[in-house]
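For the numbers below, each heavy atom of this structure counts, side chains included, while hydrogens, waters and symmetry mates do not. Here is the naming used below: chain letters follow the sequence lines, and residue numbers restart at 1 for every chain.
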Protein chains: 2
Amino acid sequence: MNIASKTLPRKLAGRLIRPTIQRIKILDYLINDPCHPTADQIYKDLHKEIITLSKTTIYNTLKLFARAGIVKELDFGNSETRYDVIIENHSHFLCKGCGSISNFYINLDDWSCSELNGFKIIERNVYFKGLCPDCLLNINNKLPRE
Amino acid sequence: MNIASKTLPRKLAGRLIRPTIQRIKILDYLINDPCHPTADQIYKDLHKEIITLSKTTIYNTLKLFARAGIVKELDFGNSETRYDVIIENHSHFLCKGCGSISNFYINLDDWSCSELNGFKIIERNVYFKGLCPDCLLNINNKLPRE
DNA sequence: GTTCCTGCAAAAGCTTTGCAGAAGA
DNA sequence: TCTTCTGCAAAGCTTTTGCAGGAAC
């Protein structure tokens, strides 16, 4: 594990979550992996290390983390939920070419709108879709297929 | 159907979509219903009128409409996709109390961010979550449960 | 000893696919 | 006639649930 092995157990214990091996590994994966993985990606990768790890545990843990405010569940209109460690208020860019997700930062706190007078805004979510620099390059360098 | 019965067939034909009864009814439902329905809600309501209508046709039609740019598929992190007629650039407010979705309007076209230099932005999506005025009232009028 | 956690198997829920018959051009 | 459309049944996928054995306190 990349992050000091003592840090993560403390982080979990601080949230009243018993730091089991599975949970530590999953949190470590989420923190060190920048790709906003799906449950299945986490499973496939961690399963190599812990062969007994089950998907149920992945889902249990992710739901637990979400309720504890450690991760956020992201939805981009695909069938799969993606998981993101909550660091600070940031937004996401989904590349339609390669499916990668990039973070970007916009201050959302001030955003409102006269139409929402009387509404209590708890959460502001923003995501953009488009093409990342790599995919743009590929398109420009290659002849259009089809 | 609420909207003039000649208008919708024309609208579909203009998009090279054969205006069948099912498609006209679904489009009519989407245009006249402000609630951003799920496929199941559309099915339950239209099934009363057209008892032979199947869910497959609902899904086929919604996908067709989405590809034709008539509707947009919305995802709020629930398991169900919600469908919205594309009228103009608008955003959505999801009430965590009653699940209702309200539209609000913000000009998104100008939004960018230095971190996204080199990215091609095709779509900007914004959704807020919180409590609608009705649910806020209910909370204030009632004693907290639990 | 009691509570919490893990993981297999099965179920649940939404959406898609295969296919045959019907409708339309 | 030939293409397109509909709708039943079944499959596909992600996620959740039931439950029994095991670990932790």
Side-chain angles (χ1 to χ4, degrees), chain A residues 8-10 12-29 36-68 70-84 99, chain B residues 8-10 12-29 36-68 70-84 99:
Chain A
L8 292 184
R10 261 197 234 118
L12 289 175
R15 309 247 183 176
L16 303 177
I17 294 174
R18 190 184 289 173
T20 64
I21 292 169
Q22 291 88 342
R23 290 170 179 175
I24 293 167
K25 284 283 182 189
I26 292 171
L27 182 55
D28 179 57
Y29 184 91
H36 308 74
T38 63
D40 193 59
Q41 284 167 346
I42 300 171
Y43 173 73
K44 286 209 173 91
D45 282 345
L46 293 186
H47 185 71
K48 294 172 195 161
E49 272 186 78
I50 313 171
I51 46 165
T52 59
L53 183 67
S54 76
K55 272 202 179 178
T56 306
T57 299
I58 306 273
Y59 281 114
N60 284 340
T61 304
L62 290 171
K63 270 269 173 288
L64 183 72
F65 286 179
R67 277 195 292 265
I70 295 175
V71 306
K72 181 164 178 169
E73 299 171 326
L74 306 179
D75 229 297
F76 294 96
N78 306 317
S79 51
E80 288 171 303
T81 306
R82 313 191 69 142
Y83 296 87
D84 188 28
Chain B
L8 293 184
R10 262 197 235 119
L12 290 174
R15 307 246 184 178
L16 302 178
I17 293 174
R18 190 185 288 174
T20 65
I21 292 169
Q22 291 88 342
R23 290 170 179 176
I24 292 168
K25 286 283 182 189
I26 292 170
L27 182 55
D28 180 58
Y29 184 91
H36 308 73
T38 63
D40 194 59
Q41 284 166 345
I42 300 171
Y43 173 73
K44 286 207 173 90
D45 283 343
L46 292 187
H47 184 71
K48 295 171 195 162
E49 271 185 78
I50 313 173
I51 45 165
T52 59
L53 184 67
S54 76
K55 272 201 179 179
T56 307
T57 298
I58 307 273
Y59 281 113
N60 284 341
T61 304
L62 290 171
K63 269 269 173 292
L64 183 71
F65 285 180
R67 277 195 292 266
I70 295 176
V71 306
K72 181 165 179 167
E73 300 171 324
L74 306 179
D75 230 298
F76 295 95
N78 306 317
S79 50
E80 286 171 304
T81 305
R82 314 192 67 141
Y83 296 87
D84 187 29

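- Shown here is A:Ile21, whose CD1 atom has no more than 12 heavy atoms of other residues, nucleotides or ligands within 6.0 Å.
- Scored by the side chain to side chain contact (heavy atoms under 4.5 Å, CB included) test, A:Ile70 finds A:Leu12, A:Arg15, A:Ile17, A:Leu27, A:Phe65, A:Ala68 as partners (sequence neighbours excluded).
- The side chain of B:Ser54 lies closest to D:dG7, out of D:dG7, D:dT6, D:dT14.
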Practice problem: Kindly determine whether A:Thr56 and A:Asn60 satisfy side chain to side chain contact (heavy atoms under 4.5 Å, CB included), including the steps that lead there. | Solution: CA-CA 6 Å; A:Thr56 306; A:Asn60 284 340; 3.6 Å; yes

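- Proximity of B:Thr52 to the phosphate of D:dT6: no side-chain N or O atom is located under 4.0 Å from OP1 or OP2.
- Side-chain atoms of B:Gln41 come within 3.5 Å of backbone atoms of B:Thr38 as a donor-acceptor pair (strictly under, hydrogens ignored).
- At whole-Å resolution of the value, CG in B:Asp75 and P in D:dT14 are 14 Å apart.
- Toward the 5' end of DNA chain D, the nearer of the two residues B:Tyr43 and B:Ile17, judged by each one's closest nucleotide, is B:Ile17.
- Rounded to an integer number of Å, the gap from A:Lys44 NZ to D:dT14 C1' is 12 Å.
- To the nearest angstrom, C1' of D:dG7 lies 11 Å from CD1 of B:Ile58.
- In this structure, CG of A:Leu62 is placed 13 Å from C1' of D:dT14, rounded to the nearest angstrom.
- Protein chain A contacts DNA chain C over a range whose 5' and 3' limits, counting nucleotides with an atom under 4.0 angstrom from a non-hydrogen atom, are C:dC4 to C:dA9.
- Counting to the nearest Å, the P atom of D:dT17 and the OH atom of A:Tyr59 are 13 Å from each other.
- Across all strands, A:Thr38 comes closer than 4.0 Å to no nucleic acid atom at all (heavy-atom distances).
- Side chain of A:Arg23 to backbone of A:Thr61: no donor-acceptor contact under 3.5 angstrom is found.
- Note on A:Arg18: every side-chain N or O is 4.0 Å or more away from OP1 and OP2 of D:dA24.
- Within 4.0 Å of B:Thr57, counting heavy atoms only, lies at least one base atom of the nucleic acid.
- In this structure, the CD1 atom of B:Ile24 is 10 Å from the P atom of D:dT6, given to the nearest Å.
- Within 4.0 Å of B:Lys55, counting heavy atoms only, lies no atom of the nucleic acid at all.
- By the 4.5 Å heavy-atom criterion applied to side chains, A:His47 and A:Lys55 are not counted as neighbours.
- Computed from coordinates, the A:Asn60 CG to D:dT14 P distance equals 18 Å when rounded to whole Å.
- Atoms CG (B:Leu64) and C1' (D:dT4) sit 11 Å apart, rounded to a whole Å.
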Practice problem: Go through the steps for A:Thr57 and A:Thr20 under the test side chain to side chain contact (heavy atoms under 4.5 Å, CB included), then give the verdict. | Solution: CA-CA 11 Å; A:Thr57 299; A:Thr20 64; over 6 Å; no

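- Here B:Thr56 lies in heavy-atom contact (under 4.0 Å) with a base.
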